[in-house]
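Sequence positions, counted from 1, serve as the residue numbers for this chain.
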Amino acid sequence: LFIHIGMSLYAGAAVFKQFFGIDVYTSILIISVITAIYTVLGGLKAVVVTESIQTVILVLGAVAITLFAIFALPDAGIHNLAELKEAVKPDQLSMIHTDNSAGLAWYAVLLGYPILGIWYWCSDQTIVQRVLGAKTQKDAQLGPLFAGLLKILPVFIMVFPGVLGNVLFKDQIGADANQTLPVLINRLVPTGLKGLISAGLLAALMSTIAAALNSSATLVAVDIVKRFKPKISDERLVRIGRISAVAVMLLAMAWSTQGGRYGSIFEAINAIAAHLAPPITTVFLWGIFWRRGTKQAAPTTLITGFSLGAVSFLIALPIIGTQMVITDGLGIPFMMQAWWMFCLCSLIFVLVSLMTPKPDPSSVEGLT
């Protein structure tokens, strides 16, 4: 609700505003209605089919924008790498940063980002449901490996063109980092291709929303309702899932209007995740790599970690009329907050495991 749907709605609205001049609230309403209709009616299959098509469009579009930005450098008086290094911000082309004032020093990223990444890519329902929906176990294994291969690309076709955008159109982008991509598309891409890339971008945002909606429906119907009412019919489960998806969408629409209070969409997504991810990553990692972990330690860690995360999230929540800075309400950069929360949750998991009976070896066979 907060990350997948809320921030994606705001991102889509930002694109609509730049291209069509439609205000944020109207854009959120349009995107929400269209996405909710095809997700509620089409289910997971609709999500997977549309995402497969959108992936191709997005990757090709990102490659095209990168090439257009590179070809535009000579017009800005930049003809070689040395001149480009002089034109960018200090160390902007380096992945090793020592200054942690923005919360993205090399050690903060090295320690904090895996906590967020493992939560999302290994345990988040929007990802896991794709694995569970695979035809065979081999497909379920190859799919994430292929997705991991694709994740090598963003440094070259997302981060790099963003740096070039700042060099080429610094005055037009200004302080709003969210406008970098729309400005690049508007200034560099030919009209026909511009429409295709914009459509792909909006479609990808909608697919993120659709996947999260479908996940919400599945979690409510299968993991909650069916657990309390095992004999409930499939028809009723589907109906309950659809109702819950609509309810989640309405809540996310209300939350998405606050997206502008964060420094950027990137910061918002990762800062919110830093509050929620650590206990899940803790249970996932310790559960896989430590045979002594117990069934009592897992829920204790999840409940305690989630409670602490919820409190820190509320403390860091942007106050009405102000914009969030990268350092949240606790005064700890979000990457390091994720790391220290992971350490605390790990301590809880280990202590509770050692104080509770050792699991039967047969119960963890094939899992740990």
Connected via hydrophobic side-chain network under 4.5 Å: Ile332 and Leu110: yes
Any donor-acceptor N/O pair, Ser8 side chain to Ile209 backbone, under 3.5 Å: no
Value rounded to 0.5 Å, distance of CD in Glu83 from CD1 in Ile78: 7.0 Å
Side chain to side chain donor-acceptor pair (under 3.5 Å) partners for His4, two or more places apart: Asp124
Minimum side-chain heavy-atom gap Leu188-Phe71 below 4.5 Å: no
Side chain Thr368, main chain Gly287, donor-acceptor under 3.5 Å: yes
Any donor-acceptor pair under 3.5 Å from Ser94 side chain to Asp91 backbone: no
Between Trp106 and Thr98, a side-chain donor and acceptor under 3.5 Å: no
Verdict with supporting geometry, Asn186 and Phe169, side chain to side chain contact (heavy atoms under 4.5 Å, CB included): CA-CA 11 Å; Asn186 264 338; Phe169 308 113; over 6 Å; no
For the student: nearest non-hydrogen atoms of Ser353 and Thr294, plus distance: OG-N, 3.3 Å
Inter-residue atom distance Leu184.CG - Ile173.CD1, 0.5 Å rounding: 6.0 Å
side-chain contact (heavy atoms from CB on, under 4.5 Å) partners of Leu153, counting only residues at least two apart: Val59, Leu150, Ile157
Single-linkage hydrophobic cluster Met253~Val33, side-chain heavy atoms < 4.5 angstrom: yes
Donor + acceptor pair across side chains of Thr301, Thr282 (<3.5 Å): no
Which atom of Gly293 lies closest to which atom of Pro359, heavy atoms considered: O-CG, 3.4 Å
Trp340 atom CH2, neighbour heavy-atom count above 12 within 6.0 Å: no
Heavy-atom pair with the smallest gap, counting every atom of Leu111 and Trp339: O-CE3, 3.6 Å
Shortest non-hydrogen contact between Pro144 and Val131, atoms and distance: CG-CG2, 4.1 Å
Heavy atoms of other groups near Lys194 NZ, more than 12 under 6.0 Å: yes
Spacing of Asn270 atom CG and His275 atom NE2 [to the nearest 0.5 Å]: 11.0 Å
From Trp286 atom CH2 to Ile348 atom CD1, the distance as rounded to the nearest 0.5 Å: 12.5 Å
Ile232 vs Ile240, side chain to side chain contact (heavy atoms under 4.5 Å, CB included): CA-CA, chis, key distance, verdict: CA-CA 11 Å; Ile232 191 171; Ile240 290 169; 3.8 Å; yes
Exceeds 12 heavy-atom contacts within 6.0 angstrom, atom CZ of Arg236: no
Shortest non-hydrogen contact from Thr300 toward Gln296: OG1-O, 2.7 Å
Note, Ser216 side chain near Leu1 side chain (heavy atom, < 4.5 Å): no
Trp119/Phe284 under side chain to side chain contact (heavy atoms under 4.5 Å, CB included): CA gap, chis, key distance, verdict: CA-CA 8 Å; Trp119 155 70; Phe284 182 82; over 6 Å; no
Heavy-atom side-chain proximity of His79 to Leu73 below 4.5 angstrom: no
Close side-chain approach of Gln337 and Ser312, heavy atoms under 4.5 Å: yes
Check against side chain to side chain contact (heavy atoms under 4.5 Å, CB included), Arg291 and Glu365: CA-CA 9 Å; Arg291 298 178 71 87; Glu365 193 61 42; 3.7 Å; yes
Gap between atom CZ of Phe160 and atom CD1 of Ile70 - 0.5 Å precision: 5.0 Å
Phe306 atom CZ, over 12 foreign heavy atoms within 6.0 Å: no
Test item: Asp139 and Thr136 side chains (from C-beta on) under 4.5 Å apart, heavy atoms: yes
Shared hydrophobic cluster, Leu219 / Val128 (ILVMFWY, side-chain heavy atoms < 4.5 Å): no
Side-chain touch Thr356/Lys295, heavy atoms, less than 4.5 angstrom: no
Close side-chain approach of Phe313 and Phe2, heavy atoms under 4.5 Å: yes
Asp23 side chain vs Thr26 backbone, donor-acceptor pair below 3.5 Å: yes
same_hphob_cluster(Leu237, Ile224) at 4.5 Å side-chain heavy-atom cutoff: no
Closest non-hydrogen atom pair between Leu196 and Ile57, with its separation: O-CG2, 3.8 Å
Shared hydrophobic cluster for Val352 and Val364 (ILVMFWY, side-chain gaps under 4.5 Å): no
4.5 Å side-chain heavy-atom contact, Leu164 and Leu84: yes
Value rounded to 0.5 Å, distance of CE in Met158 from OG1 in Thr180: 14.0 Å
